[in-house]
2 protein chains.
Amino acid sequence: MSEYKLHCFAESGNAYKVALMLELTGQSWQPVFVDFFNGQTREQAWRDEVNEQGEVPVLEHAGERLTQSALILEYLAERSGQFGPRDEAEKRDIWRWMLFDNHKFTAYYAALRFIYCLTHSGETDVTKFLRGRATAAYRIVDAHLAKTPFMVGGRLTIADLSLAGYVFMPEDTGIDLSEFVHIEAWKARIQALPGWKHPYELMPRVAG
Amino acid sequence: MSEYKLHCFAESGNAYKVALMLELTGQSWQPVFVDFFNGQTREQAWRDEVNEQGEVPVLEHAGERLTQSALILEYLAERSGQFGPRDEAEKRDIWRWMLFDNHKFTAYYAALRFIYCLTHSGETDVTKFLRGRATAAYRIVDAHLAKTPFMVGGRLTIADLSLAGYVFMPEDTGIDLSEFVHIEAWKARIQALPGWKHPYELMPRVAG
């Protein structure tokens with residue numbers, strides 16, 4: 001039996017943040033498929049039993065259920081002794097970027113990708129709005145990565161894993177990624193890490 | 001001279017989270033007006049000198065600059081010994097709600113209010129989209145507050161102060177707040193706290 005169970009589905013970059021952390025730190029884990037596209041996370045029973053916030057990822061470990069990718073990443077960094085902060089200043093810096101990720105970098109990109117690429121909305125005022133917001137967040141991260149190979153402390157940390165949730169997703173959101181040369185170089189550095197896997201390889205895409 | 005300086009403007013609910021915390025814990029603080037509506041947070045000089053993420057609030061204290069409202073709230077809770085967690089389980093619970101707030105509850109409401117109420121966009125597909133997302137987040141918080149007077153531990157914590165960033169803003173976003181009876185009752189409880197002040201009383205609305 002695996003030590004960790006991760007409620008997830010392949011298309012969720014928020015779940016991928018945790019799946020990749022589990023993989024890179026060499027944990028024994030298994031996915032529990034969540035049928036998001038058929039509304040499972042909106043069902044009252046799922047919210048009552050698994051997560052009242054109606055979101056993946058949910059990590060089961062030692063009889064507890066943990067939610068929110070940033071908190072789960074911190075938990076796994078503490079337990080594994082890998083990819084966490086070395087001191088208080090780094091800790092604050094990691095959280096500063098994980099919060100920016102949750103508020104803007106992942107948030108707008110994920111909403112754009114869901115609507116534009118997964119529900120096939122075509123171009124609308126909403127997709128234009130989300131692309132504008134996502135692009136502004138990408139510019140801020142790109143400017144930071146112009147100065148440093150990874151977000152905090154010059155090495156891979158959970159701040160990188162948080163921000164990397166959706167950047168390997170293959171769907172074309174209509175954002176010209178060639179503008180973000182520092183993000184592209186950072187993605188290549190992450191992809192070159194031993195044990196790196198694509199989200200669609202790490203997590204189930206359909207039930208069963 | 002005040003112990004704390006808060007870079008802010010009255011219309012920012014994210015800054016209000018921190019301003020209200022400073023006020024309720026009885027700190028000596030002064031606002032530093034940020035001219036958001038004339039683009040100050042988008043200027044390269046401001047980003048280089050004050051916050052590369054281009055956002056308020058920024059708290060100056062003891063020669064350091066802190067950003068991200070959730071991190072600042074935690075810092076002030078630790079320093080003041082007020083409104084923080086009593087144990088590790090509460091700490092995780094507080095962070096679970098502050099992350100949900102950053103990702104969804106504040107994020108969608110603030111974007112809707114900015115576009116619909118402050119730029120006077122009128123009703124568009126974008127405002128309808130944001131209202132739908134904000135309403136979904138409000139329902140999740142309302143369901144939680146049906147079970148407890150405050151978000152965590154039965155008393156006011158920084159989780160409440162984070163979620164309360166925009167709920168006292170007077171502008172009509174077109175969301176029918178009477179649907180959210182538990183949020184309305186919680187707002188009344190916060191408003192009744194000794195020292196509570198409205199955002200437009202706590203922070204400057206124009207330069208000077």
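Quantities reported herein were computed from a predicted structural model and do not represent experimental measurements. Side chains are part of it too, since the values below use all heavy atoms of this structure and drop only hydrogens, waters and symmetry mates. A note on names: the letters A, B, ... follow the listed sequences, proteins ahead of strands, and every chain is numbered from 1.
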> Do A/Q53 and B/H103 come within less than 4.5 Å of each other through their side chains, counting heavy atoms only?
Replying inline: no

> Can you find a pair of side-chain heavy atoms, one from A/L99 and one from B/L71, that are under 4.5 Å apart?
Replying inline: yes

>> With rounding to the nearest 0.5 angstrom, report the OG1 to CH2 distance, B/T67 to A/W97.
In response: 8.5 Å

> Contact part of A/E74 toward chain B, heavy-atom cut-off under 4.5 Å: side chain, backbone, both or neither?
Replying inline: neither

>> At a 4.5 Å cut-off on heavy atoms, which part of B/D48 comes close to chain A: side chain, backbone, both, or neither?
In response: neither

>> For B/K197, I'd like to know if atom NZ has over 12 heavy atoms of other residues, nucleotides or ligands within 6.0 Å.
In response: no

> Can you name the side-chain contact (heavy atoms from CB on, under 4.5 Å) partners of A/R133, sequence neighbours left out?
Replying inline: A/Y108, A/F129, B/A111, B/F114, B/I115

> Do NZ/NE/NH1/NH2 and the carboxylate oxygens of B/E52 and A/R96 come within less than 4.0 Å?
Replying inline: yes

>> Please classify the contact of A/R42 with chain B as side chain, backbone, both or neither, using a heavy-atom distance under 4.5 Å.
In response: neither

> Which atoms of A/K128 come close to chain B, meaning under 4.5 Å heavy atom to heavy atom: side chain ones, backbone ones, both, or neither?
Replying inline: neither

